[in-house]
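Written below as structure tokens is the structure these notes are about.
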Amino acid sequence: MELNAEAKRIMALSLGKLYSSRMQRGGMKLHRSLQLSLVMRSARDIYFTAKLESDAEAAGRQPGAPGEDEEVAMVTEAVPAQPAGQAATDPQQSKTGTEAHMETEPSPERSCAPAVTQPLTEAPSNVPAKTECKPKPAQIVTPGDKENASPGSGSAVPALASDRHSRKRRGKAAAEPEFLPSKKPRMEQRKRGESGLQSGSCRGGASLASTLFRTIVAF
Amino acid sequence: MAGGGGNDVQWCFSQVKGAIDDDVAEADIISTVEFNHSGELLATGDKGGRVVIFQQEPENKSQPQCRGEYNVYSTFQSHEPEFDYLKSLEIEEKINKIRWLPQKNAAQFLLSTNDKTIKLWKISERDKRPEGYNLKEEDGRYRDPTTVTTLRVPVFRPMDLMVEASPRRVFANAHTYHINSISVNSDYETYLSADDLRVNLWHLEITDRSFNIVDIKPANMEELTEVITAAEFHPNQCNTFVYSSSKGTIRLCDMRASALCDKHSKLFEEPEDPSNRSFFSEIISSISDVKFSHNGRYMMTRDYLSVKIWDLNMESRPVETYQVHEYLRSKLCSLYENDCIFDKFECCWNGNDSVVMTGSYNNFFRMFDRGQKKDVTLEASRESSKPRAVLKPRKVCGGGKRKKDEISVDSLDFNKKILHTAWHPQENIIAVATTNNLYIFQDKLN
């Protein structure tokens with residue numbers, strides 16, 4: 001799972017850079033923010049693809065067994081699928097370069113959907129053939145599924161926040177990376193913790209990317 | 001070794017400007033370097049918002065083999081830090097670009113810009129002053145009128161040369177995003193300024209309005225996929241300009257086609273080499289600089305790892321590609337961690353477009369001789385700063401066994417980067433900016 005670890009590490013790194021860029025003199029640079037979001041998207045893609053593959057393998061080895069123990073956590077509902085539905089219902093999240101991308105994100109099969117509970121880490125440098133890591137075509141999930149998707153999802157939570165709050169973190173989800181400012185609003189911390197890569201990844205990823213873009217736009 | 005012209009050029013140290021100590025004050029970090037059209041003046045801008053202009057001393061008749069030295073001619077504070085109250089953002093005073101105007105009279109004019117505001121500066125010399133006022137003392141104090149008993153006519157007397165810089169125009173409030181380029185048009189009446197999403201056209205005489213000629217801002221910012229990274233006017237076609245993007249494309253636009261040049265006339269893009277695909281390949285393809293050749297037939301682009309020369313008549317791929325530091329391709333992850341992957345390197349042509357130059361890390365800079373297909377790596381360091389000392393070519397060992405005199409990739413100092421270089425328009429004199437020092441090298445004259 002080196003690939004995964006790398007992907008998570010890079011995502012965490014990127015988030016840290018994004019946050020610190022807010023503090024720098026002169027304000028956030030649009031170009032830098034865009035580049036960071038591109039890297040995050042790549043890391044996310046790789047992470048999910050790797051997850052898919054590993055889960056498929058695991059499923060193959062032991063039919064019926066959950067993908068990865070601790071990470072299965074969210075799973076089941078976890079399914080990423082949401083993004084499509086989510087995006088459809090959430091105007092804010094609609095098309096971003098990455099959003100659109102996410103809508104066709106691979107939704108791993110429910111049963112073996114990896115629960116990405118790990119906080120972001122990085123992606124391997126120079127992952128060869130990004131194309132290999134491209135998510136498989138997604139199964140568009142209807143909004144209805146969203147509700148089933150995450151246990152303890154704060155359905156009442158508004159658009160952006162919802163997908164972030166949707167799931168409680170489980171598994172060995174590490175403590176939030178130290179570099180992240182502690183005074184950030186809970187929303188954002190939670191999001192980070194979930195690394196938006198929860199399983200659905202897509203969903204989390206969607207929220208992640210949309211947050212990024214929102215951050216950029218806010219500037 | 002690479003050089004301009006047919007013979008091998010040997011580069012020698014000429015001068016170094018700036019503080020010697022290793023403790024670099026942030027305000028002293030050089031952010032732009034530019035020769036004027038004759039090469040007599042060399043301007044630098046720094047992070048502290050100051051502009052320093054060096055002037056080349058006239059050649060010494062008794063020493064025809066030595067080119068004149070560059071000495072400080074004028075120093076002034078171009079931009080100050082500002083605050084955008086609406087957005088609660090500080091606006092940095094760092095000078096992003098300086099561009100000289102062609103000289104029309106005794107005074108010199110240049111444009112300098114920070115993230116938001118462009119200023120036109122007039123630099124003029126004063127070597128005479130009026131003396132002999134009736135109502136004022138020489139030091140300016142007013143005389144008691146009752147003590148005036150005779151009248152005299154003030155006369156001009158020579159004085160020590162004084163160089164004055166005064167802001168003649170301030171072009172403000174036209175950019176929402178950060179200005180990355182300015183370029184003077186060959187009509188010498190207009191110029192363009194570019195930020196992340198827009199390019200504006202100005203008239204040098206008019207400060208209260210500009211024309212927006214390129215706007216790539218999407219209706220929904222969340223759809224943003226690329227930004228403008230550099231823009232430049234064609235050197236002799238006043239209707240043509242190019243702008244580069246973070247996706248590695250260059251668009252050539254013709255202002256005669258329409259008022260808004262969102263539709264390009266030409267799109268220069270090289271298909272990505274799939275074997276080079278990597279996690280960071282999207283961001284290293286971002287173009288950090290674009291420069292037309294002096295003859296206007298080619299343009300050069302710089303991305304993180306290479307320099308590409310494009311023929312304006314061929315959009316499908318560059319005609320030449322030079323690897324600046326290919327050994328970094330396997331280190332992209334580390335370079336991302338230490339933020340070096342975001343460094344924006346510039347590039348420049350020599351006077352006759354036969355050689356191009358760009359910077360790298362460890363205070364190395366590279367020259368590529370297009371005609372001779374040779375390249376060289378040189379270093380700007382205090383160690384090799386003896387007067388007229390010939391620079392020794394350097395070599396970086398990418399991996400494997402390191403030969404004698406080679407430097408291994410892992411021992412490169414990534415804090416020592418050369419982002420800004422400039423080449424004298426006619427001579428083989430180059431100005432290379434390290435973090436806070438300006439090195440001037442010239443070719444060895446026999």
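Below, read A as the first sequence line, B as the second, and so on, with proteins coming before strands; counting in each chain starts at 1. As the structure is a computational prediction, the values presented were derived from the model and not from experiment.
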Report task. Using the side chain to side chain contact (heavy atoms under 4.5 Å, CB included) rule, take S246(B) and Q35(A) through it: C-alpha gap first, then chi angles, then the decisive distance, then the call. Result -> CA-CA 8 Å; S246(B) 54; Q35(A) 288 180 308; 5.6 Å; no

Query - Residue S275(B) versus chain A: region with a heavy atom under 4.5 Å - result: neither

Query raised in the report: Between CD of E337(B) and OG of S14(A), what distance do you get to the nearest 0.5 Å?
Result: 10.0 Å

Requested in this report: Kindly indicate, with the supporting measurements, whether the criterion side chain to side chain contact (heavy atoms under 4.5 Å, CB included) is fulfilled by L30(A) and D195(B).
Outcome: CA-CA 10 Å; L30(A) 191 64; D195(B) 66 27; over 6 Å; no

Query raised in the report: Would a distance-only check, ignoring hydrogens and angles, find a side-chain to backbone donor-acceptor pair under 3.5 Å from H178(B) to G26(A)?
Result: yes

Report task. Output the distance between atom OG (S281(B)) and atom CG (L38(A)), rounded to the nearest 0.5 Å. Result -> 10.0 Å

Query raised in the report: Would you call D196(B)-R32(A) a salt bridge at under 4.0 Å N-O?
Result: no

Query - Crowding at CG, N212(B) (>12 non-hydrogen neighbours, <6.0 Å) - result: yes

Report summary line: Whatever's closer than 4.5 Å to a heavy atom in chain A on D339(B) counts as both

Query - Proximal component of K344(B), with respect to chain A [non-hydrogen, under 4.5 Å] - result: side chain

Query - Short N-O contact, K29(A) and E92(B), less than 4.0 angstrom - result: yes

Report task. Before accepting this row, confirm whether a basic side-chain N of the pair R25(A)/E26(B) lies closer than 4.0 Å to the acidic partner's carboxylate O. Result -> no

Query raised in the report: Is the number of heavy atoms from other residues, nucleotides or ligands under 6.0 Å of Y85(B) OH greater than 12?
Result: no

Report summary line: Under 4.5 Å to a heavy atom of chain A? For I341(B) that would be neither

Query - Region of S88(B) that comes under 4.5 Å of a non-hydrogen atom in chain A - result: neither

Requested in this report: Considering non-hydrogen atoms only, spot the tightest contact between L89(B) and G27(A) and give its length.
Outcome: CD2-CA, 3.6 Å

Query raised in the report: Quick one: does NZ or CZ of K17(A) land under 6.0 Å from the six-membered ring centre of Y336(B), within 45 degrees of the ring axis?
Result: yes

